[in-house]
Student: 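Take this structure first; my questions come after.
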Amino acid sequence: MFRVPRGTRDFLPEQAERFRSLENLAADLARRYGYGELRTPIFEYTELFERGVGESTDIVEKEMYTFTDRGERSLTLRPEGTAPVVRAFVEHKLYTGPMPAKYYYFGPMFRYEKPQAGRFRQLWQFGVELFGAPGPRADVEVIALGWHYFRELGVESRLVLNSIGCVQCRIGYKEALVSFLTGRDMCRDCCSRLERNPLRVLDCKNDGCRAALESAPVITDYLCPPCREHFDQVKAGLAGLNIPFTVDPLLVRGLDYYNRTTFEYKTDALGSQDALGGGGRYDGLVELLGGPGTPAVGLALGIDRIEMLNPPALDTGGGRRGVWLVTMEPAAAEAIALAHELRRKGVPVQYDLLARGVKAQFKQADRHRCRWALVIGPDELESGRAVLRDMESGDQQQLNLATVADELAALEGVK
RNA sequence: GUGGGUGUAGCUCAGCUGGCUAGAGCACCAGAUUGUGGCUCUGGGGGCCGGGGGUUCGAAUCCCCUCACUCACCCCA
């Protein structure tokens, strides 16, 4: 028997509906903030991610689905959404349009990881990217949009904020951090990180490393005056919108392109996979990918994990909906013709396709959780009056066949 | 990539230290009720016991390998 590939899954109608709702709510929110949808291919040239995401990141080092096509080109299933959006921004010279330029995306990403709770090889992200606004208000808008999404869904999340400064700040900080940590007791990974990318040590969950970091210098003490000012204004802007947050100087994100603001939305309800989303500012990426120097800030939210939290906004109540048409010979053909007329007028109608008896058809109406059973048999055609049964209460009434479509459309629980 | 747990019907599981045609509940289909669902009763369809190999007169059960799922580490959404 075939199964879905490891780390991927099928979405059966009930869950697919939940994902559709999450997408619709995200798209609606993005539009309210003035973001337009930008769809990019599922795969890109591998080099885009190598350069855009960063050679030394986990994503590029070990998580990419990379393959060679028949033209000997190296392609990669997109592991994240920002690099492709930036590529499109540059390729279509969108920087020539009105600034700032604001885009959102929603779709699957691919990472070759060992699956576990809340971690998949094909995962869905909703993200936004804002180009051309260097000031802190842009950071605040993006962070607020993500916060707003959680609020509308009714999902609890904690906002964690940090600033990793600019290249200049980090030179000084890295020196301080390396000299502080050198010679201390850390895990093997961190010892190598110390040389290659010392900021990653901050992200280590190892107890020994955490202990070593207790009194380590923090990046926020090394921000240059402009970066400090920017960070202060981001915090003030969030406070002004009554968005609560905590500052975590250890928050370092796994992609190389960030500068200044970084943030994550976390949950306590998913075990060890606590990140629901995150983002930050990436002022150098557009230029790195061949465009004009353009400041930018963005975020990405993990839809799979959010869905796992059972957002209250997705509760549909589980009520009955729609109409089941009960047919019987020799009047079935005529009844079915009427059903199609009802469908053309927007009424959702199902009917028996297996030549089952009346009793079984009512049972089907029940099992499919239809709100109404509409009986049209020989007697009804003769009298011109259809029998309508409320499958919730059991009450029955008669409807005039000539006006049945309008009457049904007006009923509760039809759609 | 490293480590732990689990694989028996569509689902949840039982099956003792190897021993009759492998079971239950739920679900599905039908009948009891030849134009009325939910409750009840009766009946029915469904299993290469994850796969392969081994031990044995005999394996769902014991051993080895493998695959899958799952949880955790790393890291992230």
Side-chain angles (χ1 to χ4, degrees), chain A residues 1-9 12 22 53 56-63 78-82 106-127 146 157 187-190 192-193 197 200 202-207 209 251-255 264-267 270-279 299-309 320 324 326-329 331-332 335 354 356-380 386-396:
Chain A
M1 182 177 69
F2 287 107
R3 293 169 155 260
V4 292
R6 180 156 212 200
T8 69
R9 46 192 183 147
L12 305 186
L22 285 168
V53 178
S56 70
T57 60
D58 278 8
I59 287 180
V60 171
E61 279 185 349
K62 56 185 191 186
E63 295 176 3
R78 62 183 185 192
E80 58 102 49
T82 298
F106 189 103
M109 307 295 163
F110 304 84
R111 294 184 195 173
Y112 190 90
E113 293 195 272
K114 197 153 175 180
Q116 64 189 73
R119 168 174 298 167
F120 306 94
R121 289 184 170 182
Q122 179 173 3
L123 57 116
W124 269 259
Q125 289 189 338
F126 161 62
S157 87
C187 68
R188 192 172 299 118
D189 284 343
C190 284
S192 69
R193 286 178 181 135
N197 196 344
R200 285 293 163 67
L202 302 180
D203 211 20
C204 190
K205 306 295 189 296
N206 181 288
D207 287 342
C209 303
L251 177 68
V252 176
R253 296 185 42 78
L255 294 85
E264 257 177 37
Y265 305 93
K266 297 192 176 196
T267 177
L270 282 184
S272 63
Q273 257 58 251
D274 66 348
L276 294 179
L299 67 74
L301 305 180
I303 298 302
D304 304 82
R305 290 181 184 175
I306 291 169
E307 191 258 353
M308 288 169 79
L309 295 175
R320 294 172 172 276
W324 187 281
V326 176
T327 66
M328 60 201 87
E329 300 300 346
L354 297 176
R356 290 198 242 230
V358 169
K359 177 186 173 64
Q361 292 186 54
F362 272 93
K363 192 175 174 73
Q364 292 305 310
D366 186 42
R367 309 255 23 139
H368 285 88
R369 300 200 54 74
C370 292
R371 175 66 196 276
W372 307 98
L374 180 69
V375 184
I376 300 182
D379 296 351
E380 286 74 16
V387 171
L388 184 71
R389 180 181 179 86
D390 183 332
M391 293 300 287
E392 212 162 85
S393 66
D395 296 341
Q396 295 198 170

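Protein chains get the first letters and strands the later ones, always in sequence-line order, with residue 1 at the start of each. These numbers come from a predicted model, not from an experiment.
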Student: In what stems does RNA chain B take part, counting only runs of at least 3 consecutive Watson-Crick or G-U pairs whose two distances fall under 3.5 Å?
Tutor: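 Detected stem regions: B:1-7 with B:67-73, B:10-13 with B:23-26, B:28-32 with B:40-44, B:50-54 with B:62-66.
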
Student: Once you round it to whole Å, what is the distance between P of B/U36 and CG of A/D379?
Tutor: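 Taking CG of A/D379 and P of B/U36, I get 12 Å after rounding.
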
Student: Please step through side-chain hydrogen bond (donor to acceptor under 3.5 Å, both in side chains) for the pair A/Q396 and A/R389, ending with a clear verdict.
Tutor: CA-CA 4 Å; A/Q396 295 198 170; A/R389 180 181 179 86; 2.8 Å; yes

Student: On a whole-Å scale, what distance lies between the C1' atoms belonging to B/G7 and B/G50?
Tutor: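 It comes out at 6 Å once rounded to the nearest Å.
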
Student: Counting side-chain heavy atoms from CB outward, which of B/A27, B/C74, B/G35 is closest to A/V375?
Tutor: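 Within the option list, the nearest is B/G35.
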
Student: Taking the C1' atom in each of B/U8 and B/G47, what is the distance between them to the nearest angstrom?
Tutor: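 Result for the C1' pair: 8 Å, nearest Å.
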
Student: When you measure from the centre of the six-membered ring of A/F120, is the NZ or CZ of A/R9 closer than 6.0 Å and no more than 45° off the axis?
Tutor: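 Flagged: A/R9 positioned over aromatic ring of A/F120.
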
Student: Return the nearest nucleotide to the side chain of A/A275; candidates are B/A77, B/C74, B/G35.
Tutor: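 Given the options B/A77, B/C74, B/G35, the side chain of A/A275 is closest to B/A77.
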
Student: Taking the P atom in each of B/G19 and B/C71, what is the distance between them to the nearest angstrom?
Tutor: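 Looking at atom P only, B/G19 and B/C71 are 34 Å apart.
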
Student: Mark yes or no for whether A/E380, through its side chain, and A/V387, through its backbone, hold a donor-acceptor pair below 3.5 Å.
Tutor: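 Absent.
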
Student: With the side chain of A/K359 defined as its heavy atoms from C-beta on, choose the nearest nucleotide among B/C71, B/G35, B/U33.
Tutor: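 Of B/C71, B/G35, B/U33, B/U33 is nearest to the side chain of A/K359.
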
Student: Could you tell me the separation between the CG atom of A/L299 and the CZ atom of A/F126, rounded to the nearest 0.5 Å?
Tutor: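 Atom-to-atom, A/L299:CG and A/F126:CZ are 7.0 Å apart.
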
Student: Please evaluate the base of B/A77 for a donor-acceptor partner in the side chain of A/E307 within a cut-off of under 3.5 Å?
Tutor: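 In this structure, the two groups form no donor-acceptor pair.
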
Student: If each of A/R367 and A/K62 is mapped to the nucleotide of RNA chain B with the nearest heavy atom, which maps nearer the 5' terminus, i.e. the 5' end?
Tutor: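 Looking at the nearest nucleotide for each, A/R367 comes out on the 5' side.
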
Student: For the pair A/R6 (side chain) and A/P115 (backbone), establish whether a donor and an acceptor sit closer than 3.5 Å, ignoring hydrogens and angles.
Tutor: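 No, the answer is negative, given that no donor and acceptor are paired below the 3.5 Å cut-off.
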
Student: Rounded at 0.5 Å granularity, tell me how far CG in A/L301 sits from CZ in A/F106.
Tutor: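 CZ of A/F106 is found 9.5 Å from CG of A/L301.
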
Student: Does the Lys NZ or Arg CZ of A/R78 fall within the cation-pi geometry relative to A/F110 - under 6.0 Å from the ring centre and within 45° of the axis?
Tutor: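 Judged by the rule (NZ or CZ under 6.0 Å from the ring centre, within 45° of its axis), A/R78 is not positioned above A/F110.
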
Student: What interatomic distance, in whole Å, is found between C1' of B/A9 and the corresponding atom of B/C29?
Tutor: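 Roughly 15 Å separates the two C1' atoms.
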
Student: Heavy atoms under 4.0 Å, any strand shown: does A/G357 hit a base, just sugar-phosphate, or nothing?
Tutor: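 Result for A/G357 = nothing.
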
Student: Quick one: list whatever passes side chain to side chain donor-acceptor pair (under 3.5 Å) with A/R367, sequence neighbours left out.
Tutor: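 Partners of A/R367 by the side chain to side chain donor-acceptor pair (under 3.5 Å) criterion come out as none, since no residue qualifies.
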
Student: Ignoring hydrogens and geometry, is there a side-chain-to-backbone donor-acceptor pair from A/D304 to A/W124 under 3.5 Å?
Tutor: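 Side chain of A/D304 to backbone of A/W124: a pair is present.
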
Student: Mind checking A/Y265 for me? I need base, sugar-phosphate or nothing, with any heavy atom below 4.0 Å counting as a touch.
Tutor: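 Nothing, no nucleic acid heavy atom in range.
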
Student: Show me the protein contacts with nucleotides 66-69 of chain B, counting only N or O atoms at under 3.5 Å.
Tutor:
from, atom 1, to, atom 2, distance (Å)
B/A68, O2', A/R3, NH1, 3.3
B/C69, OP2, A/R6, NE, 2.9

Student: Could you go step by step and tell me if A/R111 and A/E113 meet the salt bridge (Lys or Arg N to Asp or Glu O under 4.0 Å) rule?
Tutor: CA-CA 6 Å; A/R111 294 184 195 173; A/E113 293 195 272; 5.1 Å; no

Student: Quick check for you: to the nearest 0.5 Å, what is the distance between A/M109 atom CE and A/I59 atom CD1?
Tutor: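 Between A/M109 CE and A/I59 CD1, I get 10.5 Å after rounding to 0.5 Å.
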
Student: Heavy atoms from C-beta onward define the side chain here; which of B/G35, B/C73, B/A30 lies closest to that of A/M328?
Tutor: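 Out of B/G35, B/C73, B/A30, the nucleotide with an atom closest to A/M328's side chain is B/G35.
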
Student: Expressed as a whole number of Å, how far does the C1' atom of B/C48 sit from that of B/G43?
Tutor: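 After rounding to an integer number of Å, I get 28 Å for this pair.
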
Student: Determine the contact category for A/A117: base if any of its heavy atoms lies under 4.0 Å from a base atom, sugar-phosphate if only primed atoms, P, OP1 or OP2 are that close, otherwise nothing.
Tutor: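 If one applies the 4.0 Å heavy-atom cut-off, A/A117 turns out to touch the sugar-phosphate alone, with no base involved.
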
Student: Once hydrogens and angles are ignored, does a donor-acceptor distance under 3.5 Å link the base of B/U36 to the side chain of A/Q361?
Tutor: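 No, no donor-acceptor pair under 3.5 Å.
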
Student: Identify whether any heavy atom of A/L123 sits under 4.0 Å from a base atom; if not, whether one sits that close to sugar-phosphate; answer base, sugar-phosphate or nothing.
Tutor: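 A/L123: base contact, heavy atoms under 4.0 Å.
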
Student: Determine the interatomic distance between P on B/U40 and the same-named atom on B/A27; round to the nearest Å.
Tutor: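 Between the two P atoms, the distance is 9 Å.
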
Student: Do A/R320 side-chain atoms and A/C370 backbone N/O form a donor-acceptor pair below 3.5 Å?
Tutor: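 Yes.
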
Student: Between B/G35 and B/G44, how many Å separate the two P atoms, rounded to a whole number?
Tutor: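 Result for the P pair: 27 Å, nearest Å.
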
Student: Tell me what A/R356 touches on the nucleic acid: a base, only sugar-phosphate, or nothing, going by heavy atoms under 4.0 Å.
Tutor: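 Here A/R356 touches the backbone only, sparing every base.
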
Student: Does the A/Q125 side chain pair with the main chain of A/E80, one donor and one acceptor, at a distance under 3.5 Å?
Tutor: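 Here the side-chain-to-backbone pair does not exist.
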
Student: Is any side-chain N or O of A/K114 under 3.5 Å from a base N or O of B/U2, one able to act as donor and the other as acceptor?
Tutor: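 Yes, the side chain and the base share a sub-3.5 Å donor-acceptor pair.
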
Student: Reckon A/Q116 has a side-chain N or O less than 4.0 Å from the OP1 or OP2 of B/C71?
Tutor: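 No, A/Q116 has no side-chain N/O under 4.0 Å of OP1/OP2 on B/C71.
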
Student: Rounded off to whole Å, could you give me the CZ-to-C1' distance for the A/F362 and B/U33 pair?
Tutor: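 After rounding, the gap between these two atoms is 14 Å.
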
Student: Can you tell me how far P of B/A77 sits from CZ of A/R78, to the nearest Å?
Tutor: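 It works out to 15 Å between those atoms.
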
Student: Test for a donor-acceptor pair under 3.5 Å between the base of B/G35 and the side chain of A/E380, counting only N and O atoms.
Tutor: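 Flag set: donor-acceptor pair detected.
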
Student: Round to a whole Å and report the spacing from CE of A/M109 to P of B/A77.
Tutor: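 These atoms are roughly 11 Å apart.
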
Student: Measuring only the P atom in each nucleotide, how far is B/A14 from B/U66? A whole number of Å is fine.
Tutor: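 Result for the P pair: 27 Å, nearest Å.
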
Student: Can you tell me how far C1' of B/G37 sits from CG of A/L388, to the nearest Å?
Tutor: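 Rounding to the nearest Å, CG of A/L388 and C1' of B/G37 are 14 Å apart.
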
Student: Heavy atoms only, 4.0 Å cut-off, all strands: where does A/E329 land among base, sugar-phosphate and nothing?
Tutor: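 Here A/E329 touches no strand at all.
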
Student: Could you tell me whether the phosphate oxygens of B/G37, OP1 or OP2, come under 4.0 Å of any side-chain nitrogen or oxygen in A/R389?
Tutor: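 No, outside the criterion.
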
Student: With hydrogens left out and only the distance checked, is there a donor-acceptor pair under 3.5 Å joining A/R305's side chain and the base of B/C76?
Tutor: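 Answer is yes: a donor-acceptor pair is held.
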
Student: A/K363 has a side chain; which of B/A77, B/G35, B/G38 sits nearest to it?
Tutor: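 Taking heavy atoms from C-beta onward, the closest nucleotide is B/G38.
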
Student: Would you classify A/Q396 as touching base, sugar-phosphate or nothing, given that sugar-phosphate means primed atoms plus P, OP1 and OP2, and contacts are heavy atoms under 4.0 Å?
Tutor: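 Base, at least one base atom sits under 4.0 Å.
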
Student: Starting from P on B/A77, measure out to NZ on A/K266 and report it in whole angstrom.
Tutor: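 For the pair A/K266 NZ and B/A77 P, the rounded distance is 11 Å.
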
Student: Atom CG of A/L354 to atom P of B/A30: distance rounded to whole Å?
Tutor: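 A/L354 atom CG is separated from B/A30 atom P by 9 Å.
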
Student: Under 4.0 Å, heavy atoms only, any strand: does A/R111 hit a base, just the sugar-phosphate, or nothing?
Tutor: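 Base contact.
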
Student: Please give, in whole Å, the distance from B/G35 P to A/M391 CE?
Tutor: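 In whole Å, B/G35 P and A/M391 CE are 17 Å from each other.
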
Student: Closest to the A/E63 side chain: B/C74, B/C75, B/A77?
Tutor: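 For the A/E63 side chain, the nearest candidate turns out to be B/C75.
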
